[in-house]
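Throughout, protein chains are lettered first and strands after them, A, B, ... in sequence-line order, and every chain is numbered starting at 1.
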Amino acid sequence: MKYQSFVGLEIHIQLISKTKVFCSCPNHFGDEPNSNVCPVCLGYPGALPSLNEEAVFKALKVCKALDCYINEKVIFDRKNYFYPDMPKNYQITQFESPFGVDGFFNLELDDGSIKKIRIHDVHLEEDAGKMIHDGYQSRLDYNRAGTPLLEIVTEPDLVAGRDAELFVQQFRQMVRYLDVTDGNMEEGSLRCDANTSINLPGKGLGTKTEVKNLNSSRFVNKALTYEIKRHGKVIDKGGEIIQETRLWDEKTSTSKSMRTKEDSHDYRYFPEPDLPPYRVTDVLMKEVEDSMVELPNDRKKRYMDDLKLSFDQAAFITGERKTADWFDSLLSIGSDANQAASWLSGDIQKILNKEDVLLENSPFIPKRIKELFELINDKKISNNIGKEVLQAIFKEDKDPSVIVKDKGLEQVSDSGAVEKIVEEVLAAHPAVVDAVRAGDDKQVGFLMGQLMKATGGKVNPQMAREIIVNKIKLDISGDSQSRDPKIIEKGSEK
Amino acid sequence: MEKSELLKTAALAKLKLDEQEADKLAVEVTAMLENFSLMMEADVEGLEPTTQTLQQENRTRSDSPGSSNLSNDLLDRVPEREDRFIVIPNVI
């Protein structure tokens, strides 16, 4: 490609809190319209905002996770604009001295390499109200006005749409681990605006456009890929890019001009006189540090390096913190990492997907799964019966040992008993026995199948196979026609 | 003040000005700006900007919901309503 492209993201996350950021109205999605409003968030004269400690704490957690420098003196500013979603006619946000600046995020690219994405700043602000438009009027609901919103701004270090998509995915995963937001893009608790510009190599940034209305990470990729291409076409024709905000239209897969972008001085930012500056104390910072958890990319790396899990398994397990926590607690009570990982990403996940239940809400508590593994590893049940027991754990919400006992699933490992069943099966299939004797080892599988069918899979398969082979091998005296030394050799090797 | 600048400011504030109002305001705003420019002459080198005079820092509150029970009273003062929504002219 002839041009170099630059992408920067502005990500807004709705912080989880009981109250709004500057008043004690409930921060609760889905309440009756305009029920969570008060003179502060409706901008009545004389009402004074006061800062929510929980929002501060969560903002600092994100700053810490992004390795930001925490400003000594944090200041709130007014961003002045006139639009009905903000009844005060200004938004309280941060401009000059936000909570965090100069951080970075280690983005993992598709080839596994790490790209350091610089974070310009992390600032706390209030969300606007919701507007519902129809043809001739707009309806307003101010329940969301004043709820805590954290904005994270990256430097234009991302290159293409795919980078941005990965960033949104990995960033979302991180903030969910931090438990600061639910990160639901469809419901708007994580919103992303994307800035992009292109230029000839070495010429620095070009004129940027901003794309809004991106409510999935895939759309972020599509919209940016589209924009970068559009910029190229305009410049190729000798045209100029206008700095503007554009709206992504998923139906047509195109972006449309929304409004020319205000310059930041058009917002007439000035320090919020109603809120005193905020100083982050060492005590608070210590609390923030104590609350930090192992972040998803670090955890994934640990699973791969220390536990030798495959990339896919590690990525799957670390996808959600609760899944990874479940996995860790299973290991902590003594289960094997590989066995745990393959069951979790295999049969356990299959059942959960089918039944549409989350692991942490399912009857699959780690203690039960550990017990199931022990039953299998001690050869009390076969792997296949184990899968059946797993189903039963889900359906009956009981411990595996109880299920095995109730259903009589314990494996028959008594050689006398197995021998008896083998004899029955061999007697029922003389032609197959002959074939095996003649060297067709594959037919042993058929006999095993018959045996399992006859016993409902309850026979120790290794023992059964050995007995079948030995029986046929030792039984050669009874059959003089076809002595095959190969079988004897094979058998005696065992 | 340049008239174009005045009109831009008015547009940002969503104010509609006719010719007469614009001419009148241009003179008044220019006088105000002159006063500001006088202030701008003061030497503030090395001084930290004062953004508020209470000097009290870290005025925060815990994250516990309160109910002002004002919601209905506030809604009653709204010019037009539809159920619990506030209705305004279309502003897309």
Side-chain angles (χ1 to χ4, degrees), chain A residues 17-20 23-28 32-40 42 44 48 50-57 73 75-77 80-84 89 96 129 131-142 262 266-268 270-281, chain B residues 1-2 4-17 29 32-33 36 39-40 44 46-92:
Chain A
S17 67
K18 294 191 190 78
T19 67
K20 294 188 177 182
C23 62
S24 55
C25 284
N27 171 23
H28 191 257
E32 283 271 288
N34 293 307
S35 52
N36 303 327
V37 292
C38 76
V40 176
L42 284 187
Y44 273 54
L48 272 184
S50 62
L51 183 58
N52 182 340
E53 285 164 4
E54 185 63 22
V56 170
F57 191 79
K73 191 173 175 183
I75 294 170
F76 289 92
D77 297 275
N80 298 280
Y81 71 89
F82 295 83
Y83 198 65
N89 290 340
E96 287 289 347
M131 296 180 70
I132 302 159
H133 308 285
D134 59 31
Y136 57 100
Q137 64 182 23
S138 299
R139 285 177 296 167
L140 303 172
D141 174 8
Y142 287 124
E262 285 92 348
D266 285 344
Y267 287 118
R268 266 63 173 178
F270 66 84
E272 166 60 85
D274 288 344
L275 280 166
Y278 182 85
R279 282 184 200 273
V280 181
T281 63
Chain B
M1 187 190 215
E2 291 288 329
S4 63
E5 211 179 322
L6 178 75
L7 292 176
K8 191 188 175 191
T9 309
L12 286 171
K14 308 274 190 269
L15 293 175
K16 207 187 270 175
L17 297 182
V29 173
M32 282 186 239
L33 288 177
F36 278 104
M39 286 198 275
M40 297 290 278
V44 292
L47 287 180
E48 212 182 316
T50 303
T51 58
Q52 49 85 45
T53 52
L54 295 170
Q55 299 299 330
Q56 187 198 0
E57 291 185 356
N58 291 10
R59 197 185 71 221
T60 58
R61 68 183 164 79
S62 68
D63 186 28
S64 26
S67 88
S68 62
N69 285 328
L70 272 176
S71 158
N72 290 332
D73 287 346
L74 294 174
L75 274 185
D76 286 343
R77 283 156 178 76
V78 162
E80 199 183 338
R81 276 171 59 176
E82 189 184 299
D83 300 325
R84 295 193 58 87
F85 284 106
I86 299 165
V87 175
I88 57 164
N90 195 321
V91 289
I92 284 191

Is it the side chain or the backbone of B:Ile88 that comes within 4.5 Å of chain A heavy atoms, both, or neither?
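Both backbone and side chain.
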Using a strict threshold of under 4.0 Å (side-chain N to carboxylate O), is an ion pair present between B:Arg61 and A:Glu53?
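No.
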Using 4.0 Å as the upper bound for N to carboxylate O, is an ion pair formed by B:Asp83 and A:Arg139?
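Result for this pair is no, no salt bridge flagged.
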Between B:Ile86, B:Asp73, B:Leu75, B:Thr9, which residue shows the highest count of heavy-atom pairs closer than 4.5 Å to chain A?
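Winner by heavy-atom pair count: B:Ile86.
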Considering all heavy atoms, the nearest [X]-[Y] contact:
{"X": "A:Tyr278", "Y": "B:Thr60", "answer": "CE1-CG2, 3.6 Å"}
{"X": "A:Gly135", "Y": "B:Asn90", "answer": "O-ND2, 3.0 Å"}
{"X": "A:Lys18", "Y": "B:Asp63", "answer": "N-OD2, 2.8 Å"}
{"X": "B:Ser64", "Y": "A:Ser24", "answer": "O-CB, 3.8 Å"}
{"X": "A:Pro26", "Y": "B:Gly66", "answer": "CD-O, 4.2 Å"}
{"X": "A:Ser35", "Y": "B:Arg84", "answer": "CA-NH2, 3.5 Å"}

From [X] atom [atom1] to [Y] atom [atom2], the distance as rounded to the nearest 0.5 Å:
{"X": "B:Leu12", "Y": "A:Tyr267", "atom1": "CG", "atom2": "OH", "result": "9.0 Å"}
{"X": "B:Lys14", "Y": "A:Asn89", "atom1": "NZ", "atom2": "CG", "result": "10.0 Å"}
{"X": "A:Leu140", "Y": "B:Glu80", "atom1": "CG", "atom2": "CD", "result": "11.0 Å"}
{"X": "B:Phe85", "Y": "A:Asp141", "atom1": "CZ", "atom2": "CG", "result": "5.5 Å"}

Of the options A:Thr281, A:Val56, A:Leu51, A:Val280, which is the one that meets B:Asn58 in a side chain to side chain contact (heavy atoms under 4.5 Å, CB included)?
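Result: among A:Thr281, A:Val56, A:Leu51, A:Val280, A:Thr281 is the only option passing the side chain to side chain contact (heavy atoms under 4.5 Å, CB included) with B:Asn58.
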I want to check something: taking the side chain as every heavy atom from C-beta on, are B:Leu15 and A:Phe82 in contact at a cut-off of under 4.5 Å?
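Not touching, per the 4.5 Å side-chain cut-off.
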Validation row: A:Tyr44, B:Leu74 side chains within 4.5 angstrom (heavy atoms):
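Yes - at least one pair of side-chain heavy atoms lies under 4.5 Å apart.
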Salt bridge (Lys or Arg N to Asp or Glu O under 4.0 Å) partners for A:Lys73, two or more places apart
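In terms of salt bridge (Lys or Arg N to Asp or Glu O under 4.0 Å), with neighbours along the sequence ignored, A:Lys73 is linked to B:Glu48.
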Residues forming a salt bridge (Lys or Arg N to Asp or Glu O under 4.0 Å) with B:Asp76, sequence neighbours excluded
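Here the qualifying residues are B:Arg81.
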Below 4.5 Å, heavy-atom pairs only: which of A:Asn34, A:Ile132, A:Asn27 has the largest tally toward chain B?
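Most heavy-atom pairs within the cutoff with chain B belong to A:Asn34.
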Among the listed options A:Asn80, A:Asn52, A:Ile75, the residue most often paired with chain B at heavy-atom distances under 4.5 Å:
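The candidate making the most pairs under 4.5 Å is A:Asn52.
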So which part of A:Tyr142 gets closer than 4.5 Å to some heavy atom of chain B, the side chain, the backbone, both or neither?
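Answer is side chain: those atoms of A:Tyr142 sit under 4.5 Å from chain B.
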Please look at A:Tyr136 and chain B and tell me whether the side chain, the backbone, both or neither of the residue comes under 4.5 angstrom of a heavy atom of that chain.
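For A:Tyr136, backbone heavy atoms alone lie under 4.5 Å from chain B.
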